[in-house]
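Below is one structure, written out as structure tokens; the observations come after it.
Note that the coordinates shown come from a computational prediction; the quantities given were computed from them, not determined experimentally.
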Amino acid sequence: MQVAIIGARWPDIDVECSVLGMTQEEIARSPGTSREEILAAAGDAEVILAGPRPRFDAETVQLLGCRGIVRYGVGYDNVDVAAAHRQRIVVATVPDYGTEAVALHAVALTLAGLRRIPHADRLVRTGTWDIGAVRPLHLPAALTAGVIGMGRIGTRTAEMFTGLGFGRVLAHDALRAIDAPGVTPSSLHEVLAGADVVSLHIPGAPDGSPLLGEEELALMRPDSILVNTARGSLIDSAALVEALRRGRPAQAALDVFDPEPPDTSPFNDVLDRIIMTPHMAWYTEESERDLRVKTAEEALRILRGEPVRHPVAPAEGATRAQGAS
């Protein structure tokens, strides 16, 4: 088999077959839940298309004979990039998809929290018909939104916040200058302390350490909402539970967790203050097809001996990329 698809999250491989010009019988496929499964399907493949969950650690990579690994998505946490380069294996990602979908999901989580829709839904289902239990609610014009990370997705999220009429939009990015209409460049401290909604859109730290721990969460406003569609490792989960108990922030809306799928039992005492979705921010039918096409196109470039569009350099291997995976 020239191509192996490991850990894809869709039931067919029709899109990949069309782009690669191959039949389904010519492409190996496996969930890749263990090293043995990965090697059984992809040990002799020239190119591997990889989902987010199979682990291509150093030992696994050393046993592969492929020329390239292309990650379905933006992140590459599950690939030991340094080990791959030692084996002369190209690692590539697809960073230019899903921008609109992830930004839309971040804003949807924000609005669900601001309007307290999950809580109101539970009240009605249990026979309570009274808006007193969801007070106070505010219009965006009376609130400040904050964005941490102003790459493609963060910038689009900030644009949506501006379009919704938030009174102010603050943004922090430690890596790039911020020049977006209606957005005020701010420090991390200013965003956390000054925003009613804080939406995360940055890479995870190389060592997996959280951006927001006990001290940072304590800066947030009493009625604020913390939204994370970037990386689960950005938030110290234990600190978040304690912060929610104290009401800073008042709510959290999470699409990503560390690990995934998560053990939600630590959140049992604060479930009424959390909105959880299953790492779905990246997904629409349109964004999924775009991801599959672009991943297969990168694989085809490797098979043809052409440069890939989005290689991961060895030095970047310690950096966790933002966005959907």
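- In plain terms, the two heavy atoms of V312 and H85 that are nearest each other are O-NE2, 2.9 Å.
- Put simply, the side chain of Q251 reaches to within 4.5 Å of the side chain of R116, judged on heavy atoms.
- Residues meeting the salt bridge (Lys or Arg N to Asp or Glu O under 4.0 Å) test with D263, sequence neighbours left out: none.
- Of all non-hydrogen atoms in G146 and A195, the two that sit nearest each other are N-CB, 3.6 Å.
- The two residues H138 and P136 have their closest heavy-atom pair at NE2-CB, 3.9 Å.
- Within the 4.5 Å cutoff, no side-chain heavy atoms of T157 are placed close to those of T229.
- Annotation: salt bridge (Lys or Arg N to Asp or Glu O under 4.0 Å) contacts of R301 (sequence neighbours excluded): E298.
- For the side chain to side chain donor-acceptor pair (under 3.5 Å) test with Y72, the passing option among E16, R292, K294 is E16; the others fail.
- Remark: side-chain polar atoms of T155 are not paired, donor with acceptor, to backbone N or O of R152 under 3.5 angstrom.
- Taking each heavy atom of V74 and Y97 in turn, the nearest pair found is CG2-CE2, 4.0 Å.
- At a threshold of 4.5 Å between side-chain heavy atoms, the hydrophobic network of Ile, Leu, Val, Met, Phe, Trp and Tyr places L109 and M280 in two separate groups.
- For the atom pair NE2 (H119) and OG1 (T128), the distance works out to 8.5 Å, reported to the nearest 0.5 Å.
- By the salt bridge (Lys or Arg N to Asp or Glu O under 4.0 Å) test, R67 pairs with E46, sequence neighbours left out.
- Contact annotation: the side chain of D258 never approaches that of R231 to less than 4.5 Å [non-hydrogen atoms, C-beta and beyond].
- A continuous path of ILVMFWY side-chain contacts below 4.5 Å connects W10 to L20, so both sit in one hydrophobic cluster.
- The 12-atom threshold is exceeded at CD of E26, counting heavy atoms of other residues, nucleotides or ligands nearer than 6.0 Å.
- Rounding to the nearest 0.5 Å places CG of L39 at 7.0 Å from CD of E36.
- Note that CG of L244 and CG of L217 are 8.0 Å apart. Values are rounded to the nearest 0.5 Å.
- Judged by distance alone, the side chain of T110 and the main-chain N or O of A106 form a donor-acceptor pair under 3.5 Å.
- Considering T295, N78, D77, T93 in turn, N78 is the only one that fulfils the side chain to side chain donor-acceptor pair (under 3.5 Å) rule with R71.
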Inset, instruction - Apply the test side-chain contact (heavy atoms from CB on, under 4.5 Å) to residues V183 and V147: give CA-CA distance (whole Å), side-chain angles for both, the deciding distance (0.1 Å), then the verdict. - result: CA-CA 9 Å; V183 176; V147 176; over 6 Å; no

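- Remark: the backbone N or O of T184 is paired with a side-chain donor or acceptor of S186 at under 3.5 angstrom.
- Under the ring pair (Phe, Tyr, Trp, His ring centres under 6.0 Å) criterion, F166 pairs with F161, sequence neighbours left out.
- Within the 4.5 Å cutoff, no side-chain heavy atoms of D269 are placed close to those of V241.
- Checked against I302 for a side chain to side chain contact (heavy atoms under 4.5 Å, CB included), the options I48, I69, V308, V3 give a single hit: V308.
- Counting heavy atoms from C-beta outward, P31 and E37 have side chains that approach closer than 4.5 Å.
- Hydrophobic clustering (side-chain heavy atoms under 4.5 Å, transitive across Ile, Leu, Val, Met, Phe, Trp, Tyr) keeps V19 apart from I13.
- Side-chain atoms of D290 do not come within 3.5 Å of backbone N or O of V293 as any donor-acceptor pair.
- Two residues are said to be in side-chain contact when any heavy atoms from C-beta on lie closer than 4.5 Å; E297 and R309 fail this criterion.
- Residues V15 and I27 do not share a hydrophobic cluster, clusters being chains of Ile/Leu/Val/Met/Phe/Trp/Tyr side chains in contact below 4.5 Å.
- For D121, the salt bridge (Lys or Arg N to Asp or Glu O under 4.0 Å) partners are R125, not counting sequence neighbours.
- The environment of R246 atom CZ is dense: over 12 non-hydrogen atoms of other residues, nucleotides or ligands sit within 6.0 angstrom.
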Inset, instruction - Test L200 against I235 for side-chain contact (heavy atoms from CB on, under 4.5 Å), laying out the working first. - result: CA-CA 10 Å; L200 304 181; I235 304 172; 3.9 Å; yes

Inset, instruction - For side-chain contact (heavy atoms from CB on, under 4.5 Å), just list the numbers for L240 and L254, CA-CA rounded to whole Å, side-chain angles, deciding distance to a tenth of an Å, and then say yes or no. - result: CA-CA 11 Å; L240 177 60; L254 310 175; 4.0 Å; yes

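- Put simply, CE on M276 and OG1 on T264 are 5.5 Å apart, with the number rounded to the nearest 0.5 Å.
- Taking CD of Q62 as the reference point, atom CD1 of I89 lies at 9.5 Å (rounded to 0.5 Å).
- Across S30 and A41, no two heavy atoms sit closer than the pair CB-CB, 3.6 Å.
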Inset, instruction - Take L143 and V197, measure what side-chain contact (heavy atoms from CB on, under 4.5 Å) needs, and give me the verdict at the end. - result: CA-CA 8 Å; L143 303 173; V197 175; 5.6 Å; no

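- In this structure, L139 places its CG atom where only 12 or fewer heavy-atom neighbours from other residues, nucleotides or ligands lie under 6.0 Å away.
- L63 is connected to I6 through a chain of hydrophobic side-chain contacts under 4.5 Å among Ile, Leu, Val, Met, Phe, Trp and Tyr, so both are in one cluster.
- Across A299 and L49, no two heavy atoms sit closer than the pair CB-CD1, 3.6 Å.
- Under 3.5 Å, the side chains of T277 and D255 contain a donor-acceptor pair of N or O atoms.
- Taking the charged nitrogens against the carboxylate oxygens, R122 and D272 have no contact shorter than 4.0 Å, which rules out a salt bridge.
- The main-chain N or O of H189 is never found under 3.5 Å from a side-chain atom of H172 such that the two would form a donor-acceptor pair.
- When the options V191, L234, N228 are evaluated for a side chain to side chain contact (heavy atoms under 4.5 Å, CB included) with I148, the one that passes is V191.
- With a 6.0 Å radius and a threshold of 12 heavy atoms from other residues, nucleotides or ligands, E215 has its CD atom at or below the threshold.
- Here the CE atom belonging to M150 is positioned 9.0 Å from the CG atom belonging to D179, to the nearest 0.5 angstrom.
- The existence of a salt bridge linking D196 and R221 is confirmed by a sub-4.0 Å separation between a basic side-chain nitrogen and an acidic carboxylate oxygen.
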Inset, instruction - Mind running salt bridge (charged side-chain N to carboxylate O under 4.0 Å, His left out) on E242 and R245 for me, showing each step along the way? - result: CA-CA 5 Å; E242 291 303 317; R245 286 175 179 149; 2.3 Å; yes

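- The salt bridge (Lys or Arg N to Asp or Glu O under 4.0 Å) analysis of residues 48-65, with sequence neighbours excluded, yields the pairs R35-D57, R35-E59.
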